[in-house]
Amino acid sequence: LAGWRSVALSFVREAIEGGERGGGKGGGGGGGRGWPVYGAHMLSPRDAELLLQYLSAPYVRIPLLLDFFADPLRIQALSQPRLQSALECALFEPGPWQAEAVRPLPDTIPVKREEREALLSTPVGLLFHELVHSPEGLVVPTVDKMLAAALNMDTGAPTGASAAIILFVARLAVRVEAYVVFLAEHRAWRRELEQGQRRAQGEVSAPRAAACEGAGAGGGG
């Protein structure tokens, strides 16, 4: 799932080549012919620069990218399959792994390259990490905004750019929902396990307490 890196580089090349064509003779009319592969032509220069920065931002790219495409204008770029693939890769790529959930805080921002693996790794993946530590503030509400923005583009036709965006965002939301359901089921399992352990401890401690009380009564007699 490291394809988002190659897509980011191709996105840069496409934007540069498209800009050069648009700046030549004929204005911008002929410059768009080579653009549609990655969708650079559907974003303003500022938005294209932001997207490239977000794609290359380790650890925090998930909320940044989701918020970026939750915009009603920017979401139109998701009609391009390669840009869809880049977003999926960036969202669901687990990222560097480490067993320890607690990590030291970085001394500098951005994090030094040699410290990224130690400071930006997670035990279960970046998306799980986002859902666990910021479940209400970022991921789920932003995906809801993306769904609303996509559905507002519905033209009633089963094909075309709008249909491609709606279907992609719906698939994306279902995959994120699967992560949320897994976490909810895991939390319920942990709760049942802890309750069972407490009940077991209570059953063991009750006879001990009764024995202590009996010993105390016998000693008092």
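Between atom CG of residue L50 and atom CZ of residue F68 there is a gap of 6.0 Å, rounded to the nearest 0.5 Å. Atom OG1 of T142 and atom CD1 of I62 lie 11.5 Å apart (nearest 0.5 Å). We find the CG-CE distance between L78 and M146 to be 5.5 Å, quoted to the nearest 0.5 Å. Between the CD atom of Q76 and the CG atom of L43 there is a distance of 9.5 Å, given to the nearest 0.5 Å. The CZ atom of F92 lies 5.0 Å from the CG atom of L172; values are rounded to the nearest 0.5 Å. Atoms OH and CD, on Y54 and E49 in that order, are 10.0 Å from each other to the nearest 0.5 Å.
I165 approaches S79 most closely through the heavy-atom pair CG1-N, 3.6 Å. Summarising the geometry of A173 relative to L147, their closest heavy-atom pair is CB-CD1, 3.7 Å, with the distance given to 0.1 Å. Q84 and A164 make their closest contact through NE2-O, 3.9 Å (heavy atoms, listed as atom of the first residue, atom of the second, distance). For the pair L55 and R61, the tightest heavy-atom approach, listed with the atom from each and the gap, is O-CD, 4.0 Å. When all heavy atoms are compared, the tightest approach of I166 to A150 is CG1-O, 3.3 Å. For the residue pair V143 and L66, the shortest heavy atom distance occurs at CG2-CD1, 4.2 Å.
Listed for the S162 side chain is a donor-acceptor partner under 3.5 Å among the backbone atoms of M153. No donor-acceptor distance shorter than 3.5 angstrom exists from the side chain of S85 to the backbone of P81, with no hydrogens or angles considered.
Counting only residues at least two apart or in different chains, ring-ring contact (aromatic ring centres under 6.0 Å, His included) contacts with residues 69-90 are absent. Sorted by first then second residue, the side-chain hydrogen bond (donor to acceptor under 3.5 Å, both in side chains) pairs that include residues 63-75, not counting sequence neighbours, are D47-R74.
Residues L91 and L65 are not in side-chain contact: their nearest non-hydrogen atoms beyond the backbone lie 4.5 Å or more apart.
At a threshold of 4.5 Å between side-chain heavy atoms, the hydrophobic network of Ile, Leu, Val, Met, Phe, Trp and Tyr places V60 and L131 in one connected group. Following chains of ILVMFWY side-chain contacts shorter than 4.5 Å, one cannot reach F168 starting from L73, and the two form parts of different hydrophobic clusters. When hydrophobic clusters are built by joining Ile, Leu, Val, Met, Phe, Trp and Tyr residues whose side-chain heavy atoms come closer than 4.5 Å, directly or via intermediates, L151 is not grouped with V169. L87 and L167 are assigned to two separate hydrophobic clusters, defined by single-linkage of ILVMFWY side chains at heavy-atom distances under 4.5 Å.
In summary, R171 and E88 do not engage in a salt bridge, as defined by a charged side-chain N under 4.0 Å from a carboxylate O.
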